[in-house]
Chemist: 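Below are the structure tokens for one structure; questions will follow.
As the structure is a prediction and not an experimental result, all values here were calculated from the model. Order of the sequence lines fixes the chain letters, A, B, ..., with proteins taken first and strands second; residue numbering starts at 1 for each chain.
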Amino acid sequence: MRGFLDSLLSLAVAIAVGAVVAYISGYNPLLVYYSMFVVPFTDVVYVTSALATATPIILTGLTFALGLKAGLFNIGAEGQTYMGALGAVIASYLAASALALPLSFVIGISLAVAWAMVPALLKAYRGVNEVVSTIMMNWIAYWLVIMEASTTFSNPMQPSETIKMPPSARLTPLVPGTSLTAGFFVAVAAALLVYWLLERSVIGYELTAAGLNPVAARIAGIPQSRVVIYSFLLGGVTSGVAGVLQVAAMPPSYSLATNLANVYGLGLDGITAAMLGRGNPLGTLLAALFLGLMEEGARHMQALAMTPFEFVKVLQGIMILVIAVRMLELWRRR
Amino acid sequence: MIVLREIHKVFPDGTYALRGVTLELKAGEVLGLLGENGAGKTTLMKILSGIYEPTRGAIEIDGRPVRFRSARDAMREGIAMVHQHLSLVEELTPLENIALLEGPSLGGLGKLLRGKVEAIARSLGFEVEWDRPVGELPLGVRQRIEIVKALYLGARVLILDEPTSLLSPPEVKSLLDIVKRLKAEGRAVVFITHKIPEVLPVADRIAVLRRGEKVGEYPPSVGPDVLVEAMVGKLKSWTLGREGEPSDVVLSVEDLWVYDRGRPLLQGVNLSVRRREVHALVGVEGNGQEALVDALVGLRRPARGSIRAGGLVAYIPDDRHGRALVLDLPLVHNAVLGIHRRFSRAGLFDWAGARRFAAKLIEEFSIVAPGPDAPARSLSGGNQQKLVVGRELSKRADLLIAHQPTRGLDVATTEYVHKLLVDVRNAGAGVLLVSSDLDEALKLADTVSVIYRGRVVLNKPAREATVEEIGRAMAGL
Amino acid sequence: MEAALVLLTQTIHAAVPILLAAVGEILTERSGVVNIGLEGLMLIGAFVGVLVGDVAGSGLIGVAAAWAVGLLLGLLHGAIAVYIRGDQLVAGVAMNLFGAGLVAYGIQAVWHVAGYRQTPSWALVDINAMTVLAFAVAGAMWYILSRTRLGVAIRASGEDPEAAYSVGIDVFKIRLFSTAVGASLASLGGAYLSLAYLSVVTKDISAGRGFIALADVVFANWNPLLAIAGALVFGFFDALSYWLQIFGVARYEVTRMLPYIATLLVVAGVIGRAKPPRALGKPFRKE
């Protein structure tokens with residue numbers, strides 16, 4: 001509850017500061033916020049689009065939340081999402097039938113998990129700071145996937161994309177004319193599953209205890225290596241799924257842009273969601289839905305208020321800064 | 001002359017630490033301040049040295065009322081306190097530590113400073129390696145640096161808080177010599193302790209505190225018996241009935257070497273613990289006990305040697321907050337920490353079983369807590385320790401490692417924990433008791449070992465060992 | 001021979017932004033505060049440098065403005081870490097998110113272009129002068145930290161703030177000051193990128209250098225002089241990647257991975273002997 005109030009407060013502060021930023025840059029703050037927060041609700045297409053936008057953010061948010069729970073700063077969702085998407089593209093290349101869909105998940109998740117395991121093992125056995133190693137893995141993934149997308153798997157018809165998912169393997173919109181696919185429900189189910197795992201499983205107990213007191217956990221027979229590996233492993237799975245869905249459930253192109261436009265920045269959005277959601281999987285789910293709404297709103301803002309889309313990122317940065325301040329606590333201390 | 005008049009102190013958590021204590025200090029006099037842990041000695045002196053402000057009461061210097069808002073204020077009146085946990089930065093050299101007193105500036109450390117501190121040290125009759133990191137110096141030397149620090153600032157009143165607790169017997173002797181020199185220079189010294197024999201030879205006057213009140217003031221000539229009774233009143237004590245003799249070995253440590261960044265902490269330790277045995281490992285703190293315990297519980301990797309533990313190991317650490325509890329989690333989570341795999345049902349947690357277990361611990365060890373869902377943080381220190389002890393004992397382990405298991409506990413809880421340790425022994429387990437409290441060790445032990453600079457220098461049955469012999473071994477003689 | 005000299009020069013030039021950010025972070029961390037927001041600070045420094053340099057018609061003013069903005073943001077981070085005792089890692093991540101958002105937004109809002117703005121010629125500054133400055137800053141930082149009373153106070157605040165406070169060091173002020181100056185150096189590194197080294201500002205101009213600087217801090221064991229060595233190693237791979245590309249040894253994308261792979265390997269190799277300040281990242285509160 002307190003966490004929720006904190007998040008609301010951070011939103012209020014961000015909106016206030018954002019209004020000043022918008023005003024200074026010559027935009028009408030009222031129009032900006034109207035188009036961002038009201039317009040998305042005026043049409044069912046917009047709402048479903050917001051849910052579709054939220055889908056990968058839920059999943060990458062879970063990656064970061066799983067890290068936080070175990071006391072780790074896993075910034076690697078970005079690169080793991082690229083690898084997941086690459087997996088879907090490879091599957092499309094290998095199979096021209098409906099088989100490409102399950103194959104996408106197998107290859108995509110495997111690649112993402114492999115990508116997560118490098119920093120996990122470095123942390124577990126060499127004590128390498130995971131913030132640095134995950135960022136390095138992100139950049140390596142960035143250039144690797146760009147290279148693969150524009151060479152082996154490029155689409156001869158459309159040079160700005162990779163080859164497409166075979167039509168029978170696509171997750172198409174549930175309601176024609178919208179962008180809402182089964183992918184959204186996969187993401188929601190993942191959040192519920194992660195929540196349940198953390199609360200009810202032994203490994204969830206171990207992650208929680210180790211996250212709060214790693215030394216006591218080690219003495220209690222919970223080695224740091226196990227905690228790091230499980231946390232990164234599960235995180236790799238959810239990010240991998242995010243990457244797969246960004247190809248397999250992404251109408252109309254069902255492919256990966258060679259500049260990675262449909263996967264770029266999702267890892268950072270996930271960090272924002274997990275922080276707004278206080279590292280709780282259900283909180284992360286809610287926060288991701290809200291971010292999806294904001295980003296859908298930002299598209300309308302771009303059209304109606306002529307404000308650059310990135311304005312929404314400024315707002316999100318301010319929100320997290322306020323979260324860091326833990327403003328409510330400051331208040332209470334007076 | 002300094003007078004503390006009718007000092008009361010109530011802490012924000014409601015603890016009533018001092019209930020109207022009045023005390024006088026005179027120049028050229030050593031005042032012994034005696035009392036049990038928690039009697040209020042340190043609190044009273046922290047008020048005198050400006051660290052705490054009194055809830056009620058006044059401080060007068062030469063009849064003039066003063067008010068201290070910080071340690072700096074007290075320092076300006078020439079009052080300095082040498083804390084039990086020394087306030088030196090271990091990564092800095094002694095000289096750098098003293099340079100800190102001059103405040104930050106772009107200036108260098110300066111030759112003047114060095115000359116001054118060397119002169120002070122000489123006047124007290126000792127020398128210090130000024131350019132080695134403090135962390136590499138023995139505790140006795142660090143304490144001297146603290147005293148130099150206080151004199152560097154011009155202290156006329158020196159408060160020494162439990163100054164002997166970290167020292168070996170010869171170091172204690174040279175500390176007492178320093179105290180006599182300070183007195184001869186006309187300074188006032190307050191010597192806080194709960195050990196009567198230490199204060200008798202050096203004090204001019206002894207004030208005894210109990211539960212926040214001054215019981216009385218005595219000349220040293222009254223002798224120890226009067227002082228003991230003043231300190232503790234009437235003591236209820238458990239009889240520690242031992243049953244059976246030590247049998248087969250449950251822990252065997254052979255030629256154990258542990259290094260920390262190239263510095264040897266353990267240099268070939270040999271040790272064994274048998275069933276039905278309390279094996280007390282004593283030593284002045286910082287002689288490798290921590291490294292040994294860390295190696296035994298798997299927190300440190302030995303460079304050489306072997307550890308063979310037969311069966312299940314239980315561990316009561318010295319630092320329960322850091323090592324035994326997850327304070328942010330509820331009591332029930334903490335009650336099963338380390339045995340949580342016993343509550344696994346195909347990978348899922350049996351929370352109902354865990355709660356029943358926690359409720360049982362609460363009852364069996366009379367832990368005062370609202371219930372299994374109370375955050376561990378909300379329990380008092382004594383109840384946290386009972387939770388830890390209860391949890392570890394309920395493991396029914398073959399070996400129990402107890403590291404300073406009664407540190408910071410009140411008398412009644414201490415007795416209770418002592419009884420539990422002997423019960424564990426009688427039930428057939430081996431107990432390794434690592435303690436720097438010689439009294440505790442001798443009260444409980446079947447076997448005593450002394451560790452000094454990473455080596456076990458003495459090992460014999462407790463009933464054959466004398467206090468003098470152990471004291472000499474602790475000092476490396 | 002000449003080629004080797006060019007490679008050396010490029011190595012040194014590529015090392016500068018990492019060196020500045022790393023030396024700044026060493027100061028910050030020696031005082032006991034962690035700031036993982038270096039990446040965001042570099043981005044903002046790069047952007048502010050071009051923006052102000054362009055308007056003022058002087059690269060030097062741009063550099064000064066970037067430095068000052070970094071100082072202000074450092075004060076913000078310091079205040080969060082020191083006085084409010086907020087979560088330092090969260091605040092650092094927030095700085096990275098905020099920087100990424102602000103710069104991407106700012107480039108569009110100011111110049112109405114998508115994510116890419118050439119630095120105007122009048123806003124450029126001499127790369128050699130800034131390089132010398134960066135190395136001088138590293139040397140001066142080493143001297144201050146190891147040889148002056150200020151340095152003793154900073155180290156004491158990072159190792160044992162209780163002890164430092166007990167002898168009258170204002171740990172709060174020391175940490176705030178160190179964090180602000182540390183952040184200003186990262187921002188300066190960003191200005192170097194846009195005003196001297198790359199002559200352009202893009203929304204991801206820092207390209208992970210802020211995090212490479214974090215790695216350099218560990219590599220250097222919190223010693224500014226060793227940070228020079230670390231920055232040169234990373235600079236070498238940065239420079240090498242362009243060369244391999246020019247000579248067609250490997251594909252462009254492969255060579256661009258080199259500095260990141262090198263960083264991973266170096267960090268994996270040196271950890272263990274590194275010894276961070278004891279109170280690093282732990283908020284200090286009075287008894």
Chemist: Hey, does A/T151 have a side-chain heavy atom less than 4.5 Å from the side chain of C/R251?
Modeler: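 Result yes, sub-4.5 Å side-chain heavy-atom pair found.
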Chemist: Write down the atom of A/L122, the atom of C/A268, and the distance for their closest heavy-atom approach.
Modeler: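 Looking at all heavy atoms of both residues, the shortest contact is CD2-CB, 3.6 Å.
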Chemist: Got a second to check how far A/M136's CE is from C/T263's OG1, nearest 0.5 Å?
Modeler: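 Between atom CE of A/M136 and atom OG1 of C/T263 there are 5.0 Å.
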Chemist: Are A/I140 and C/I261 packed together at the side-chain level, in the sense that at least one heavy-atom pair is separated by less than 4.5 angstrom?
Modeler: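 Yes, at least one pair of side-chain atoms sits under 4.5 Å.
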Chemist: To the nearest 0.5 Å, tell me how far A/Q302 CD sits from C/Q108 CD.
Modeler: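 CD of C/Q108 is found 7.0 Å from CD of A/Q302.
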Chemist: Sort A/M147 into side chain, backbone, both or neither according to what part of it lies under 4.5 angstrom from a heavy atom of chain C.
Modeler: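 Interface part for A/M147: both.
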Chemist: So, taking the atom named CZ in C/F98 and the one named CD1 in A/I320, what distance separates them when rounded to the nearest 0.5 Å?
Modeler: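 Spacing of CZ (C/F98) from CD1 (A/I320) equals 13.0 Å.
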Chemist: Between C/Y105 and A/S25, do the side chains contain a donor N or O and an acceptor N or O under 3.5 Å apart?
Modeler: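 Present: a donor and an acceptor within the cut-off.
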Chemist: Classify the ring geometry of C/Y260 against A/W139: parallel below 30°, tilted from 30° to 60°, perpendicular beyond 60°.
Modeler: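 Answer is parallel, since the angle falls under 30°.
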Chemist: Do the side chains of C/E253 and A/L144 get nearer than 4.5 Å, heavy atoms only?
Modeler: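 Answer no - side chains too far apart.
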Chemist: Using non-hydrogen atoms and a 4.5 Å limit, figure out which bit of C/A207 sits close to chain A: side chain, backbone, both or neither.
Modeler: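 When you check distances to chain A, atoms from both the backbone and side chain of C/A207 fall under 4.5 Å.
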Chemist: Let's test your reading of the structure: which of C/L89, C/L102, C/I36 forms the most heavy-atom pairs below 4.5 Å with chain A?
Modeler: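 Going by pairs under 4.5 Å, I would pick C/L89.
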Chemist: May I ask you to name which of A/N138, A/I271, A/V21, A/L315 has the most heavy-atom pairs under 4.5 Å with chain C?
Modeler: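 The answer is A/V21.
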Chemist: At a heavy-atom separation under 4.5 Å, does A/I318 approach chain C through its side chain, its backbone, both, or neither?
Modeler: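 Both backbone and side chain.
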Chemist: I'd like to verify something: which residue of C/A104, C/G40, C/P259, C/A91 has the highest number of heavy-atom pairs under 4.5 Å with chain A?
Modeler: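 The residue among C/A104, C/G40, C/P259, C/A91 with the greatest pair count is C/A104.
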Chemist: Report which part of C/I212 has an atom under 4.5 Å of a heavy atom belonging to chain A: side chain, backbone, both, or neither.
Modeler: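 It is both, since atoms from each part get that close.
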Chemist: Chain C heavy atoms under 4.5 Å from A/Y125: which part of the residue, side chain, backbone, both or neither?
Modeler: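 For A/Y125, neither part sits under 4.5 Å from chain C.
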Chemist: Can you measure from CH2 (A/W143) to CZ (C/R256) and round to the nearest 0.5 angstrom?
Modeler: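 Here the rounded value is 4.5 Å.
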Chemist: Looking at A/K123, I'd like to know if its NZ atom is crowded, meaning that more than 12 non-hydrogen atoms belonging to other residues, nucleotides or ligands lie closer than 6.0 Å.
Modeler: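 Yes, because the 6.0 Å sphere around NZ of A/K123 holds more than 12 heavy atoms from other groups.
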Chemist: Can you tell me how far CG of A/L321 sits from CG of C/L97, rounded to the nearest 0.5 angstrom?
Modeler: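 Rounded to the nearest 0.5 Å, the CG-CG separation comes to 8.5 Å.
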Chemist: Checking A/F64 against chain C: side chain, backbone, both or neither under 4.5 Å from a heavy atom?
Modeler: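 It is neither, since no heavy atom gets under 4.5 Å.
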Chemist: When rounded to the nearest 0.5 angstrom, what is the spacing between CG in C/L264 and CZ in A/R126?
Modeler: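 Here the interatomic distance stands at 12.5 Å.
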Chemist: Heavy-atom distance under 4.5 Å to chain A: side chain of C/I80, backbone, both or neither?
Modeler: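 Looking at C/I80, just its side chain touches chain A.
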Chemist: Do you know which two heavy atoms are closest between A/F73 and C/V90, and how far apart they sit?
Modeler: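 Heavy atoms of A/F73 and C/V90 come nearest at CZ-N, 4.0 Å.
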Chemist: Which one of A/M306, A/K313, A/E310, A/M137 has the most heavy-atom pairs closer than 4.5 Å to chain C?
Modeler: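 Sorted descending by pairs with chain C, the first entry is A/E310.
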